[in-house]
Amino acid sequence: MNRECATQRKRCDETPAWQLLQQHYDAEGRSLDLRAAFADDAARLDQFSQQAPHLLADLSKNLIDRQSEQLLLQLARDCGLEQARDAMFAGAEVNASEGRAAMHWLLRQPANGLESWLPDSPAFVREALADVHDSLAQMLALAEQVRANPQITDIVNIGIGGSDLGPAMVVNALEDWRIAGKRFHFVSNVDGHELGHVLAQTRPESTLFLVASKSFTTLETMVNAHSARDWFLAQGGSDDRSAALSISKHFWALTTNTEAAAAFGIDTTLGFWDWVGGRYSLWSVIGLPIAIAVGVESFRALLQGAHDMDVHFKTAPLAQNLPVRLGLLDIWYRNFQGFATRCVAPYSHGLRRLSAYLQQLEMESNGKGRDVHNQPLPYATSPVVWGEPGTNGQHAFFQMIHQGRDVIPVEFIAAREGGKNLASHQNNLVINAIAQAQALLVGRTEEQGPKYCPGNRPSTFLLMDKLTPTSLGALIALYEHRVFVSGALWGINSFDQWGVELGKQLAKDLFARRDQGDWQGVDPSTVALVSRLAP
Ligand SMILES: O=P(O)(O)OC[C@H]1O[C@](O)(CO)[C@@H](O)[C@@H]1O
C-alpha cells in the first residue's frame with residue numbers, strides 16, 4: 001500500500017466492514033460447523049471453488065460462509081484493495097520506505113500485449129518492458145550457451161534468500177524438464193560445510209559459478225564467493241582473463257550492483273532493477289540457473305503461467321479473483337479466527353522446497369508490526385507459514401493438525417497427473433491428500449476414545465492438472481498476489497524488510513569488537529558466547 005493510497009483510507013480495523021465481520025464472527029463465525037454447512041447448502045462446493053489460470057481451487061472446506069465472504073469482499077473495497085492493486089500494476093511507488101515500485105509482474109509480461117490488460121501504462125513502464133526483454137534475451141542466450149557446452153557439468157548458484165530459495169525451488173520442481181548431464185548446486189549457508197561439500201565433488205574446468213545477489217553485499221554470498229574463487233585459483237585457475245581456466249569464464253554475476261561484481265573480477269554480469277524485490281526475483285536474471293536447467297521454451301512457459309495469473313488478479317471480479325479470495329481468507333483466519341499459523345502441504349516431491357520459499361515470500365513480506373506510516377498495528381499480520389511435502393507430513397506433524405488444540409489451516413497442493421517416474425503412484429499420493437482434507441473436515445466422534453478427532457478443521461485444496469513450468473509459474477504468482485492482498489488490507493509495506501538489518505549490523509559489530517577487544521555496552525551473555533569461539 002503506497003503512502004498516498006494509505007493516506008486516503010482508514011486502517012482496515014476502523015472500517016464498517018471490519019466491525020460487521022467482528023459481529024458476524026461473534027454471532028456465527030466462531031461456531032460455524034462445516035459438516036452442517038455442507039448439509040444445509042447443496043451449492044456450497046460451487047460457491048467456494050473456482051477455476052483459476054492453470055489450477056482449480058477448492059475453498060469449500062474453509063471455515064467461511066457466504067456472509068463472511070461478502071463482508072470480506074466489502075472489507076477489500078473499504079480498504080481500497082483495487083486501487084492498491086492497480087497502483088502496483090501502474091508502477092507506482094508501492095514500496096514507499098525504499099521509494100521503489102514493485103514490478104516483478106513486468107518480468108513475465110510478453111513483449112507485446114501490455115495495453116490489452118494495462119491500457120494506461122505510463123511510458124516508464126513500457127520502456128522498462130523493453131529493457132526486460134533485452135535482459136531476458138541476453139540471459140536465455142547465455143543459458144543456451146551453457147546448455148550447449150558439454151564441458152560445463154556443474155552449475156553452482158551462490159546466493160541466499162531470494163537469490164537462492166526461488167531458483168532452487170523451481171529447479172527442483174522441474175526435475176522432469178532438466179537437461180541431462182549437468183548438476184545444479186545451490187549454496188546459500190555461510191557454513192563452510194555446504195560450499196565445501198559441493199567443491200569436493202566438482203572440478204574447476206567443468207564448473208560455472210553464478211554469484212547471485214541483488215545487492216552484491218550480502219555477507220554469506222560474498223564469503224562463499226570469495227572461498228569459491230580461492231578454491232578455483234588453488235586448483236589452477238587464473239585471474240588472467242585470457243587464460244583458458246579463468247575467473248572471467250567460470251564466474252558470472254547476477255545482481256543490480258554491477259560495479260561490485262566488476263570489482264570482484266567478474267566480466268559476465270547480468271543486471272536487474274531495484275523495482276524487483278529479492279523474494280520476487282526468480283523471474284529475473286536470478287532465474288538463470290532455472291533457464292540453464294530447463295531451457296528457453298520451459299523458462300518462457302514458467303513466465304507465461306505467472307503472467308496468466310497476473311492478468312487474472314488484475315481483471316477478475318473480486319468475488320471470482322483467487323489471489324483476493326485467499327488473501328481475504330488470511331485476514332479472516334488471522335484477525336477474526338485467531339489462527340497463528342498456516343501449514344502448506346504440497347503433495348509433490350518436486351515441490352519439496354515450496355514451503356521454505358513461501359516462508360520468505362510471505363513472512364518477509366508481511367511479518368510487520370507497523371503500517372506504512374510507521375504506526376504500531378493493533379492487529380496481527382502474517383501467519384507463521386510452515387510445511388513439508390505430503391505424504392511425509394502425515395507421518396510427522398499431522399497428528400497435531402488432527403488432534404491438537406490449535407486449529408491450523410492446511411493448504412494442500414497436488415497435481416492430477418504424475419511426473420516421468422512411476423506416475424502410477426500418483427493416485428496413491430493425491431488420494432491421501434484428499435483423504436487428509438476429508439479427515440480434517442469430518443473428524444472422528446466422541447465414542448472413539450483416544451481416536452477422537454474434532455474435525456471441522458479448515459483446508460484449501462489447490463489442484464493442478466500436472467506440475468509443469470506453466471502451472472508452477474501460475475502457482476507462484478498466485479502466492480505473490482495473495483501476499484499483496486493481505487498486506488494491502490493490513491496497511492503494511494509488503495516489499496521492504498528493514499527488520500533483517502539489525503542482526504546483520506550486530507554481526508559486523510561483533511567481529512570488530514572482538515578484534516579490538518572492546519565489549520563496552522555489550523550484554524555479558526553475548527560477550528561470553530563470542531569469547532568461546534575460535535580466534
Ligand atoms: O540478493 P541479496 O542482496 O544478496 O539478498 C539476499 C536476501 O537477503 C535479504 O535482504 C534478507 O536479509 C532478502 O530480502 C534477500 O532476498
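This structure is a prediction, so every number in the text was calculated from the model and none was measured. Starting from 1, each residue takes its place in the sequence as its number. Indexing begins at 1, ligand by ligand and atom by atom, following the structure's order.
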- Look at R147 together with E144 and state whether they make a salt bridge at an N to O cut-off of under 4.0 Å.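 Here R147 pairs with E144 in a salt bridge, since their nearest N and O are under 4.0 Å apart.
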- Query: Thinking salt bridges, do R11 and D371 make one under a 4.0 Å N-O criterion?
  - Reply: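 Between D371 and R11 there is no salt bridge, as every charged N stays at least 4.0 Å from the carboxylate O atoms.
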Closest protein heavy atom (residue, atom, distance) for [atom]:
atom                    : answer
atom 10 (O) of ligand 1 : K504 NZ, 3.6 Å
atom 5 (O) of ligand 1  : T218 OG1, 3.4 Å
atom 7 (C) of ligand 1  : I160 O, 3.7 Å
atom 1 (O) of ligand 1  : S163 OG, 2.6 Å

- Per atom 3 (O) of ligand 1, closest listed option by heavy atom (G162, G278, S365, S215): S215
- Query: If you measure from CD on E388 to SG on C343, what distance do you get to the nearest 0.5 Å?
  - Reply: 9.0 Å
- Which of the atoms of ligand 1 are close to E364, meaning less than 4.0 Å from one of its heavy atoms? 11 (C), 13 (C), 14 (O)
- Item | ligand 1 versus Q497: contacting region, heavy-atom distance under 4.0 Å |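 Q497 to ligand 1: side-chain contact only, backbone stays beyond 4.0 Å.
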- Query: Looking at residues at least two apart in the chain, or sitting in another chain, which of them share a side-chain contact (heavy atoms from CB on, under 4.5 Å) with S382?
  - Reply: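 Here the qualifying residues are E362, M363, N366.
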- Query: Of all residues at least two apart in sequence or in a different chain, which pass the side chain to side chain donor-acceptor pair (under 3.5 Å) check with Q359?
  - Reply: none
- Answer yes or no for Q360: is there a heavy-atom contact with ligand 1 below 4.0 Å?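 Contact present.
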- Just say parallel, tilted or perpendicular for the rings of F484 and F313, cut-offs at 30° and 60°. perpendicular
